[in-house]
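All values below were derived from every heavy atom in this structure, side-chain atoms included, with hydrogens, water molecules and symmetry-related copies excluded. Reminder, nothing fancy here: chain letters follow the sequence lines and each chain counts from 1.
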Protein chains: 2
Amino acid sequence: MADEAAGAVPAELGSRFSSAALAHDVEFLAVKAFAAGTRRLNHRLRPLELRARSYAVLSTACEPQPLTQRELATLLELDPSQVVALVDELVARGLVVRVTDERDRRRRLVQASPEGRAVHARASELAAAAEDSSLATLSPDEREALRALLRKLVFGPDPAP
Amino acid sequence: MADEAAGAVPAELGSRFSSAALAHDVEFLAVKAFAAGTRRLNHRLRPLELRARSYAVLSTACEPQPLTQRELATLLELDPSQVVALVDELVARGLVVRVTDERDRRRRLVQASPEGRAVHARASELAAAAEDSSLATLSPDEREALRALLRKLVFGPDPAP
DNA sequence: GGCAATCGTTGAAAAAATCAACGGATTGTT
DNA sequence: AACAATCCGTTGATTTTTTCAACGATTGCC
């Protein structure tokens with residue numbers, strides 16, 4: 001397991017580059033850090049034949065209030081047509097079903113099947129392990145701080161603290 | 001300019017989804033937030049015919065100590081062959097030159113030309129504006145906290161505080 | 001000198017992102 | 001009640017990205 005190293009950048013390059021302008025660019029830092037993280041996650045989910053994306057879909061499908069495909073698209077920052085393909089695959093594997101929303105018959109809710117829930121249970125453990133190894137250099141407090149900042153970025157300020 | 005909205009998730013969906021398990025997954029949050037951010041950056045750089053990637057390459061090329069293509073690959077989390085294409089394009093546009101490192105003639109350093117520096121100067125202003133709008137929901141302190149956390153994630157703990 | 005490893009490069013194959021268009025369903029207007 | 005306008009999921013075509021395997025050139029090692 002050599003590629004599980006925590007520090008993303010080889011120390012020598014890091015010390016030479018960390019003062020560069022780019023190394024202070026939030027966008028660059030985040031993309032780099034989490035591109036590696038996604039790769040790690042994909043790797044860990046491989047035994048279950050899931051990828052980060054399909055895991056995300058399956059995860060929302062397990063929530064008590066499932067999402068429509070359109071909502072999945074905006075949430076995953078994806079084109080609606082990509083969601084179709086993603087859901088198609090999970091349907092074919094019997095992990096998920098499409099349910100037409102009776103309140104608006106244009107919408108399709110994506111719901112997990114019992115098998116889907118079983119697979120998700122195992123997958124979420126692997127995902128947690130992947131996150132743990134991705135954030136290895138951060139203390140528990142720092143991880144929570146990061147999570148809070150990202151949540152604020154994505155969902156906006158918390159209405160009820 | 002409608003797509004410049006700060007809050008990434010439509011409020012209604014956010015309040016319904018923000019308590020879901022996925023909404024606490026750092027990997028998911030980060031990828032979502034910065035996928036949108038990269039799109040925004042690409043959009044802003046369009047007038048200069050640059051993208052987030054080529055901007056990153058150009059930026060390192062402007063540093064006093066330029067990087068080899070291999071280093072660029074690990075830094076940008078890219079396959080070496082992708083770096084070739086990226087650098088090829090910048091070379092064709094006269095923004096960058098390949099210089100063989102005389103200390104190891106296998107290596108090619110990617111250095112900015114005067115034109116490259118001029119373009120980069122303008123590009124970095126656009127990038128700063130893009131970052132500013134991407135992080136609009138965060139206070140200055142929070143932005144610095146986020147930057148520090150990401151730097152720790154990418155470069156490891158600061159040797160000299 | 002010879003051998004293994006590294007760097008940049010090429011080219012091909014697989015996966016993903018982007019965009020335009022369509023039918024079914026809904027909402028709002030008149 | 002009919003109409004237009006809009007939204008949803010879907011299909012298909014097109015372009016980018018990603019991923020991998022291979023190759024010459026160069027280096028370090030023994």
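- For Thr68(B) against dC7(C), no side-chain N or O and base N or O form a donor-acceptor pair under 3.5 Å.
- Nucleic acid contact for Arg103(A): none, since no nucleic acid atom lies under 4.0 Å from a heavy atom of the residue.
- For Arg51(A) and dA16(C), the shortest distance from a side-chain N or O to OP1 or OP2 is below 4.0 Å.
- Taking atom CG on Asp101(B) and atom P on dT26(D), their separation rounds to 14 Å, with Å as the unit.
- Residue order along DNA chain C, read from the 5' end via each residue's closest nucleotide, puts Pro80(B) first among Pro80(B) and Leu78(A).
- The CG atom of Asp79(B) sits 16 Å away from the P atom of dA12(C) (whole-angstrom rounding).
- Mapped onto DNA chain D by nearest heavy atom, Asp88(A) and Arg39(A) fall at different nucleotides, with Asp88(A) at the one closer to the 5' end.
- Asp141(A) and Ser139(A) share no side-chain donor-acceptor pair at under 3.5 Å.
- At a cut-off of 3.5 angstrom, counting only N and O atoms as typed in the model, there is a donor on one side and an acceptor on the other between the side-chain of Arg70(A) and the base of dG9(D).
- Gln69(A) places its CD atom 14 Å from the C1' atom of dC7(D), with the value rounded to the nearest Å.
- Whole-Å rounding puts the Glu71(A) CD to dC7(D) P distance at 15 Å.
- Separating the CG atom of Leu109(B) from the C1' atom of dG8(C) is a distance of 13 Å, rounded to the nearest angstrom.
- The nearest whole Å value for the distance from the CZ atom in Arg53(A) to the P atom in dA15(C) is 14 Å.
- Note on Arg108(A): only backbone sugar-phosphate atoms sit closer than 4.0 angstrom, heavy atoms only; bases stay farther off.
- Spacing between atom NE2 of His43(B) and atom P of dA17(C) amounts to 19 Å, rounded to whole angstrom units.
- Within 4.0 Å of Asp104(B), counting heavy atoms only, lie sugar-phosphate atoms of the nucleic acid but no base atom.
- Using a 4.0 Å heavy-atom cutoff across all strands shown, Arg107(A) reaches sugar-phosphate atoms only and no base atom.
- In the interface, the side chain of Arg105(B) is not paired with the base of dT26(D) through any donor and acceptor atom under 3.5 Å apart.
- Counting heavy atoms from C-beta on, the side chains of Arg16(B) and Leu67(A) come closer than 4.5 Å.
- Of the candidate nucleotides dG12(D), dG24(C), dG8(C), dG12(D) has the atom nearest to the side chain of Ser81(A).
- Going from atom CD of Gln82(A) over to atom C1' of dT14(D) covers 14 Å, rounded to whole Å.
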Next item on the list: Might you work through the side chain to side chain contact (heavy atoms under 4.5 Å, CB included) test for Arg108(A) and Val87(A), ending with a clear yes or no?
Entry: CA-CA 11 Å; Arg108(A) 304 294 175 86; Val87(A) 174; over 6 Å; no
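- Glu144(A) has a carboxylate O that lies under 4.0 Å from a charged side-chain N of Arg147(A), or vice versa, which qualifies the two as a salt bridge.
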Notebook entry, point to check: Which is it for Asp132(A) and Arg143(A) under the salt bridge (charged side-chain N to carboxylate O under 4.0 Å, His left out) test, yes or no, and what are the steps along the way?
Noted result: CA-CA 9 Å; Asp132(A) 192 70; Arg143(A) 298 183 193 197; 2.9 Å; yes
